[in-house]
Protein chains: 2
Amino acid sequence: MVGAAVTRRDIPAATVSRLPVYLRALQDCARRGVTRVSSEELAARAGVRPTQLRKDLSHLGSHGVRGVGYDVARLIAELSSALGLHHAWPVAVVGMGNLGRALAAYSGFATEGFHVVALFDRDPEVVGEIIGGHAVLPMSELVPAATRLGIAIGVIATPAGSAQDVADALVSAGVRAILNFAPAALSLPEGVTSRSVDLATELHVLAFMRQPERVGTDVGRAG
Amino acid sequence: MVGAAVTRRDIPAATVSRLPVYLRALQDCARRGVTRVSSEELAARAGVRPTQLRKDLSHLGSHGVRGVGYDVARLIAELSSALGLHHAWPVAVVGMGNLGRALAAYSGFATEGFHVVALFDRDPEVVGEIIGGHAVLPMSELVPAATRLGIAIGVIATPAGSAQDVADALVSAGVRAILNFAPAALSLPEGVTSRSVDLATELHVLAFMRQPERVGTDVGRAG
DNA sequence: GAATGTGAACTCCTTCACAGCA
DNA sequence: TGCTGTGAAGGAGTTCACATTC
């Protein structure tokens with residue numbers, strides 16, 4: 001039919017990218033024993049404006065109480081459900097360089113609803129090595145292993161030159177979501193989502209902003 | 001008082017964040033011996049639309065030739081200049097966990113106009129260790145060393161709990177640009193810029209998009 | 001009284017359509 | 001003819017103002 005790939009339930013992309021931040025702020029509240037929180041306080045913790053937060057949450061439905069605030073536990077459940085964190089998603093990391101190793105060993109993923117279950121590398125010297133509790137597999141195993149394990153998200157931590165090949169392999173293994181750390185644009189088929197994290201780009205942008213700007217009076221807002 | 005927060009020369013923030021991508025695509029062309037490139041081809045390499053690219057470049061002035069395309073070498077010079085990459089910016093990395101170590105050893109920075117010149121960690125066991133050619137310094141050295149070295153950009157790779165303290169220390173050492181990998185919102189004084197890279201958030205967003213979308217009756221609208 | 005939820009205004013970004021120039 | 005540069009239109013996201021509910 002007509003429709004195009006639409007993010008679930010018409011939630012704006014910009015909102016989706018902030019929901020995880022809210023969720024973490026809420027989990028922080030819960031850990032500290034706080035059971036109720038106002039949009040003002042939660043927004044401050046998340047680094048956004050209260051109206052932004054309320055508008056974002058309104059896309060999920062009304063879950064606050066006027067004159068009172070939000071129930072922390074309930075909102076956590078609501079956000080987790082919206083983000084699809086009922087269970088831990090299996091993740092594969094490809095490329096065991098400095099960054100790949102760090103990601104493979106990063107414990108934060110586990111606590112956030114993700115599970116690194118497979119590691120891959122091209123270098124025969126690295127294959128077989130145990131990193132973060134998993135043996136590194138050769139690239140030839142990528143498609144069969146990723147398929148067998150039902151990998152939901154593939155993380156590309158290879159040099160730029162190999163990124164597209166790895167992406168293609170992941171796609172043919174049924175992976176429909178890719179997190180790309182290689183400084184290269186990926187071309188992917190319809191239905192496969194990717195996000196890119198580019199360290200050098202981030203530094204470039206900061207370098208730009210740090211320049212002896214000046215033109216008129218300026219008032220900046222850090223974000 | 002007219003001015004609103006102005007990044008240099010009125011270049012839109014969205015454009016600035018794409019300039020590094022164009023720059024890299026151009027450097028790739030240069031390396032392959034290509035001397036002239038059309039907006040169509042360059043845009044494809046950068047993963048954007050040709051009109052987007054042309055509009056972005058128009059903010060820097062007209063540097064293309066109608067009917068022909070862009071001179072690769074000249075555009076590289078133009079972009080490098082706009083991004084302030086005349087010299088290598090000194091960078092400090094704070095927090096020598098898995099990620100911090102990977103960043104400290106990441107050779108990509110050097111080739112992109114940045115130089116990691118100082119490393120810090122709280123753990124006495126780690127202090128003194130040599131990583132990527134630099135001895136890790138104790139936190140007590142952060143302010144004096146960062147000041148002395150004229151650090152331009154500080155990278156925070158500590159756990160969330162320490163991020164704000166580190167940010168405050170960096171600021172008091174004169175650092176005005178911060179790249180934050182800790183999952184926490186920083187509150188910074190006027191004039192200090194920060195960007196956050198949050199690995200778990202990226203995965204969350206992907207998990208959301210990967211969900212068996214669709215709930216009620218679909219929708220139209222391309223996305 | 002206090003704080004949420006939301007239409008409407010506003011600002012920012014992207015895309016279109018085409019003018020301008022080699 | 002071919003491809004860039006750009007005003008104008010269109011869309012997306014944010015902020016405002018205030019009605020709404022406890």
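Residue numbers start from 1 in every chain, and the chains themselves are labelled A, B, ... in the order their sequence lines are given, proteins ahead of strands.
Contact annotation: Y70(A) side-chain N/O to dC22(D) OP1/OP2 distance is not under 4.0 Å. Contact annotation: S39(B) side-chain N/O to dT4(D) OP1/OP2 distance is under 4.0 Å.
Between the CG atom of L60(A) and the C1' atom of dG5(C) there is a distance of 13 Å, given to the nearest Å. Here the P atom of nucleotide dG13(D) and the CG atom of D10(A) are 12 Å apart, to the nearest Å. A straight line from CG of D71(A) to C1' of dT4(C) spans 14 Å, rounded to a whole angstrom. Residue D56(A) contributes atom CG, which lies 12 Å from atom C1' of dT15(D) at whole-angstrom precision. When rounded to the nearest whole Å, the span between CG of L42(B) and P of dC3(D) equals 14 Å. Counting to the nearest Å, the P atom of dA3(C) and the CG atom of L53(A) are 14 Å from each other. Here dG5(C) presents its P atom at 12 Å from NE2 of H59(A), a figure rounded to the nearest Å. For the pair R18(B) CZ and dC13(C) P, the computed distance is 9 Å after rounding to whole Å.
The stretch residues 81-110 of chain B participates, sequence neighbours left out, in these salt bridge (Lys or Arg N to Asp or Glu O under 4.0 Å) pairs: R101(B)-E129(B). Residue pairs that meet the salt bridge (Lys or Arg N to Asp or Glu O under 4.0 Å) test with at least one member in residues 20-30 of chain B, sequence neighbours left out, are D198(A)-R24(B), R24(B)-E112(B), D28(B)-R31(B). Listed by first then second residue, pairs satisfying side chain to side chain donor-acceptor pair (under 3.5 Å) with a partner in residues 161-170 of chain B read Q164(B)-D168(B), not counting sequence neighbours.
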Pairs of donor and acceptor atoms involving the side chains of residues 70-78 of chain A, under 3.5 Å and at least two apart or interchain, shall be tabulated with distances.
residue: D71(A); atom: OD1; partner: A73(A); partner atom: N; Å: 3.3
residue: D71(A); atom: OD1; partner: R74(A); partner atom: N; Å: 2.8
residue: R74(A); atom: NH2; partner: H63(A); partner atom: ND1; Å: 3.3

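Using a 4.5 Å cut-off on side-chain heavy atoms (C-beta onward), L79(B) and L57(B) make contact. Proximity of L149(B) to P90(B): side-chain heavy atoms (C-beta onward) are nowhere separated by under 4.5 Å.
In this structure R36(A) satisfies the side-chain contact (heavy atoms from CB on, under 4.5 Å) test together with V68(A), sequence neighbours excluded. Take A43(A) and apply the side-chain contact (heavy atoms from CB on, under 4.5 Å) test, not counting sequence neighbours, and it matches V48(A), P50(A), L53(A). Qualifying salt bridge (Lys or Arg N to Asp or Glu O under 4.0 Å) partners for R54(A), counting only residues two or more places apart in sequence or in other chains: none.
Residues from residues 22-38 of chain A lying near DNA chain D, meaning a heavy-atom separation below 4.0 Å, are absent.
Out of dT6(D), dG13(D), dT4(C), the shortest distance to the side chain of A14(A) is found at dG13(D).
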Give every pair of a protein N or O atom and an N or O atom of nucleotides 15-20 of chain C that lie under 3.5 Å apart, one pair per line with the distance.
residue: dT15(C); atom: OP1; partner: R49(B); partner atom: NH1; Å: 2.9
residue: dG20(C); atom: N3; partner: R66(B); partner atom: NH1; Å: 3.2

